[in-house]
Visitor: 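Below is one structure. I have some questions about it.
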Amino acid sequence: MKTIIAEKPSVAREIARIVGATKREEGYFEGGGYAVTWAFGHLVQLAMPDGYGIRGFVRDNLPVIPGTFTLIPRQEKTDKGYKPDSGVVSQIKIISRLFKDSEQIIVATDAGREGELIFRYLYHYTGCTTPFVRLWISSLTDKAIREGLRNLEEGSKYDNLYLAAKARSESDWLVGINGTQALSIAAGHGTYSVGRVQTPTLAMVCARYWENRRFTPETYWQLHIAADTGDGEEVKLSSSKKWKEKEPATALYNKVKEAGFATVTKAERKEKIEETPLLYDLTTLQKEANAKHGFTAEQTLEIAQKLYEKKLITYPRTGSRYIPEDVFAEIPKLLSFVTGLPEWAGEVGVPVTPTRRSVDGGKVTDHHALLVTGEKPLFLSKEDGIIYHMIAGRMMEAFSEKCVKDTATVTADCAGVEFTVKGSVIRQAGWRAVYFEDDKEETSIPCWQEGDTLALKATSITEGKTKPKPLHTEATLLSAMETAGKEIEDDVLRQALKDCGIGTPATRAAIIETLFKRGYMERCKKSLVPTEKGLALYSVVKTMRIADVAMTGEWEKDLARIERGELPADTFRKEIEAYTREITSELLSCDKLFARRDSGCKCPKCGTGTMQFYGKVVRCDNAECGLPVFRLKANRTLSDDEIKDLLTDGHTKLLKGFKSKQGKSFDAVVAFDGDYNTTFVFPERKTAKKFSGRKK
């Protein structure tokens with residue numbers, strides 16, 4: 001008998017059907033000489049510190065660096081702490097028996113780093129020695145599964161992939177466990193979670209937040225003229241220069257207005273080629289789904305995984321935007337399939353000869369770029385349909401012709417002021433015809449030549465203000481994670497820097513969600529806004545290596561090198577251990593940032609504890625209560641006396657100097673609501689319920 005192990009029951013069911021294992025048993029299918037079983041994600045995990053006899057957060061125990069990591073069944077949280085999940089333990093026993101009774105194991109967990117780790121941890125935990133081979137497929141269609149089963153690969157081929165996965169798992173444990181315990185000990189109260197990837201990610205969100213909030217807008221003035229085209233239309237030109245002072249701008253405006261005409265000093269016309277966009281990888285799909293449809297990164301990943309398990313798209317957790325030659329051979333048939341779908345029928349033609357910009361086998365990593373499979377998408381929800389047709393539409397774009405534009409730049413002089421206008425006309429729509437975006441982009445410029453005199457139909461002067469970089473959205477944060485904070489627009493260059501990014505396409509959504517769950521940031525419409533807790537943590541760690549985005553990006557690069565066999569895993573492990581010792585010491589020494597003073601005020605919530613002043617927070621010293629009151633409110637820090645008013649009276653006096661998320665100043669009273677969260681109370685909004693206000 002051979003045992004096939006899949007990552008999820010739904011995948012096991014599909015494989016079991018293909019191999020004829022139709023008899024359902026407890027925890028597996030059987031038949032045709034096969035047993036097909038499954039995991040539920042990670043059934044086995046690294047033991048927590050208490051697995052090494054270390055309990056609680058104790059300064060003298062740090063850093064915790066196991067000589068050899070211990071594997072244990074996945075645990076669940078209970079009222080009495082963590083204990084092994086009974087369902088997990090039961091499934092492990094079933095898998096262990098099947099492994100030992102088999103002549104061969106076929107590994108069919110997801111074909112990627114984490115899928116490999118799921119199997120290898122199980123294999124080592126159960127002490128199994130049965131030989132294993134690898135099923136490596138990029139879609140779950142019947143054809144792909146059958147071809148994969150005919151072309152099984154030696155399990156040892158993926159040893160380096162496992163070593164990279166193991167190194168990632170252990171390094172996250174070392175940094176996360178020791179960093180969190182060290183910072184929490186330094187704080188003296190509460191738990192401050194930090195991590196190898198989550199903390200640099202939070203640092204990028206907080207740094208952008210402060211850059212945005214501390215930005216001082218500068219006023220400027222700009223001049224504009226509307227020139228007659230000669231056929232009753234007009235073209236608007238704007239001054240090349242912007243003035244910081246109103247007086248000189250106004251004086252020049254008056255001269256321009258009196259002149260009544262402008263002279264063309266330069267007219268340039270060029271052909272501009274816009275290459276087709278590359279196919280989607282997971283991160284690019286998540287970014288565009290967030291920007292265009294407001295989907296979270298996690299939501300997009302969940303939908304893509306669902307579509308994959310329905311056999312509608314190829315493996316979603318891919319970091320590549322390219323396909324190899326053998327897959328390219330299937331593209332004409334897939335494009336014909338897409339244009340045959342009701343949503344695309346008659347909208348756009350199939351490219352006669354698909355272009356090859358997304359074809360490069362050398363740039364395909366574990367899996368090629370996202371494609372639809374040719375299975376009909378039936379009964380999809382609205383959200384699932386959006387993601388499916390984004391992938392289908394991007395295929396149509398990627399294999400269409402280039403877009404060709406005629407561009408024009410005209411410079412003209414009026415009363416000594418230089419004015420310019422740029423325009424473009426699409427000559428060959430190419431890939432832009434897929435979504436019919438061509439007419440939105442056209443700005444036709446007359447065939448003006450150098451020396452032409454332009455009659456003015458109107459003049460104007462406008463006042464504007466410089467704007468800060470906007471707060472991060474999930475789309476921009478994913479881009480920043482992908483390139484370790486480097487702002488890169490070019491698709492190809494961004495692709496080249498992926499090894500230096502932080503996180504992986506498969507984990508970035510989870511990292512972002514972790515920051516939400518731990519209360520470090522929140523969504524405000526599409527923007528990501530750090531909470532007071534997040535800003536307080538950032539203020540402590542922002543200059544430390546734990547928040548260094550570039551260094552974390554280098555580690556991801558090293559993990560990719562381990563995967564390729566270019567770097568020994570032990571070398572990486574030693575570097576992480578040294579780093580762990582350094583950041584543990586660094587974080588333990590920052591207790592001065594959490595200096596504690598007695599406020600002299602009883603806790604308004606529990607009535608038994610005393611409120612203690614720390615650097616960024618005032619907290620109840622009753623361990624069962626721990627009420628926190630953060631000093632920073634809407635870009636303003638509350639003073640000790642203002643905090644004492646809040647604690648003793650339930651509200652402060654009217655305070656000035658707050659700043660809204662839109663950058664507007666306001667005055668307000670800070671008060672407790674019924675749950676002892678702080679709220680703003682606005683004088684003009686006072687009602688019979690004296691201190692009801694919006695929650696902060």
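In this chain, residues are counted from 1 in sequence order.
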Visitor: Hey, does the side chain of Arg321 reach the backbone of Leu279 with a donor-acceptor pair shorter than 3.5 angstrom?
Guide: yes

Visitor: Taking all atoms of both residues into account, what is the closest heavy-atom pair of Met390 and Tyr280, and its distance?
Guide: O-CE1, 3.2 Å

Visitor: If every non-hydrogen atom of Leu117 is compared with every non-hydrogen atom of Ser169, which pair is closest and at what distance?
Guide: CD2-CB, 3.9 Å

Visitor: Can you name the nearest heavy-atom pair linking Leu632 to Asn635, along with the distance?
Guide: CD1-C, 4.1 Å

Visitor: Any donor-acceptor pair under 3.5 Å linking the side chain of Thr476 with the backbone of His472?
Guide: no

Visitor: List for me each residue that meets side chain to side chain contact (heavy atoms under 4.5 Å, CB included) alongside Thr507, sequence neighbours excluded, and say none if there are none.
Guide: Thr504, Ile511

Visitor: Do side-chain atoms of Ser184 reach the backbone of Tyr192 as a donor and acceptor pair under 3.5 angstrom?
Guide: yes

Visitor: Is Trp431 reaching over with its side chain to a backbone N or O of Glu275, donor-acceptor style, under 3.5 angstrom?
Guide: yes

Visitor: Any idea which heavy atoms bring Pro84 and Glu76 closest together, and the distance?
Guide: O-OE2, 4.2 Å

Visitor: Among residues at least two apart in sequence or on other chains, which ones pass side chain to side chain donor-acceptor pair (under 3.5 Å) with Glu474?
Guide: Arg523

Visitor: Determine the minimum heavy-atom distance between Cys206 and Pro530, stating which atoms define it.
Guide: SG-CB, 3.7 Å

Visitor: Between the side chains of Glu532 and Arg631, is the shortest nitrogen-to-carboxylate-oxygen separation below 4.0 Å, so that they form an ion pair?
Guide: no

Visitor: Would Arg120 and Glu116 pass as an ion pair if we require N to O under 4.0 Å?
Guide: yes

Visitor: With distance as the sole test, does Ser358 use its side chain to make a donor-acceptor pair with the main-chain N or O of Ile323 at under 3.5 Å?
Guide: no

Visitor: Mark yes or no for whether Thr531, through its side chain, and Gly519, through its backbone, hold a donor-acceptor pair below 3.5 Å.
Guide: yes

Visitor: With sequence neighbours left out, write down each residue that passes side chain to side chain donor-acceptor pair (under 3.5 Å) with Arg317, or none if nothing qualifies.
Guide: Gln305

Visitor: Can you tell me if Met551 has over 12 outside heavy atoms packed within less than 6.0 Å of its CE?
Guide: yes

Visitor: I'd like to know if the side chain of Thr637 reaches the main chain of Lys633, judged simply by a donor and an acceptor atom lying under 3.5 Å from each other, with no hydrogens or angles considered.
Guide: no

Visitor: Would Glu482 and Thr283 count as having a side-chain donor-acceptor pair, cut-off 3.5 Å?
Guide: no

Visitor: Can you confirm whether more than 12 heavy atoms, excluding those of Lys166, are under 6.0 Å from its NZ atom?
Guide: no

Visitor: Would you call the rings of His293 and Phe295 parallel, tilted or perpendicular if under 30° counts as parallel and over 60° as perpendicular?
Guide: tilted

Visitor: List for me each residue that meets side chain to side chain contact (heavy atoms under 4.5 Å, CB included) alongside Ala47, sequence neighbours excluded, and say none if there are none.
Guide: Tyr52, Thr70, Ile72

Visitor: Is the closest side-chain heavy-atom distance between Trp38 and Ser10 below 4.5 Å?
Guide: no

Visitor: Between atom CD1 of Ile5 and atom CG of Leu135, what is the distance when rounded to the nearest 0.5 Å?
Guide: 12.5 Å

Visitor: Is the Tyr579 to Trp555 ring centre distance short of 6.0 Å?
Guide: yes

Visitor: Quick one: pull up CD in Glu7 and NE2 in His42 and give me the separation to the nearest 0.5 Å.
Guide: 7.5 Å

Visitor: Starting from the C-alpha separation in whole Å, work towards a yes-or-no answer on side chain to side chain contact (heavy atoms under 4.5 Å, CB included) for Trp173 and Val64.
Guide: CA-CA 10 Å; Trp173 192 100; Val64 182; 3.8 Å; yes

Visitor: Does the Thr180 side chain pair with the main chain of Ile177, one donor and one acceptor, at a distance under 3.5 Å?
Guide: no

Visitor: Report the distance from atom CD of Gln181 to atom OG1 of Thr191, rounding to the nearest 0.5 Å.
Guide: 9.5 Å

Visitor: Out of curiosity, Arg113 CZ to Asn160 CG, how far, rounded to the nearest 0.5 Å?
Guide: 13.0 Å

Visitor: Under the rule for side chain to side chain contact (heavy atoms under 4.5 Å, CB included), what residues qualify as partners of Ala668, not counting sequence neighbours?
Guide: Phe658, Phe666, Phe680, Phe682

Visitor: So does Glu309 pair up with Lys8, basic N to acidic O under 4.0 Å?
Guide: yes

Visitor: Identify the heavy atoms of Arg134 and Gly115 that sit nearest to each other, and give their distance.
Guide: NH2-C, 4.1 Å

Visitor: With sequence neighbours excluded, tell me which residues meet side chain to side chain contact (heavy atoms under 4.5 Å, CB included) with Pro468.
Guide: Asn212, Phe215

Visitor: Can you tell me if Asp110 uses its side chain to pair, donor with acceptor, with the backbone of Gly112 under 3.5 Å?
Guide: no

Visitor: Tell me if a side-chain donor or acceptor on Asn178 pairs with a main-chain N or O of Leu174 at a distance below 3.5 Å.
Guide: yes

Visitor: Hey, could you give me the CG/OH distance between Leu202 and Tyr538, rounded to the nearest 0.5 Å?
Guide: 9.0 Å

Visitor: Within the 3.5 Å criterion, strictly below it, is a donor on Arg508 or Gln286 matched to an acceptor on the partner's side chain?
Guide: no

Visitor: When you check the side-chain N and O atoms of Arg357 and Thr276, is any donor under 3.5 Å from an acceptor?
Guide: no

Visitor: Calculate, to the nearest 0.5 Å, the distance between atoms CG and NZ belonging to Leu380 and Lys382 respectively.
Guide: 14.0 Å

Visitor: So, Lys306 and Glu302, do they make that salt bridge, N to O below 4.0 Å?
Guide: no

Visitor: Is His368 close to Tyr322 at the side-chain level, that is, under 4.5 Å between some pair of heavy atoms?
Guide: no

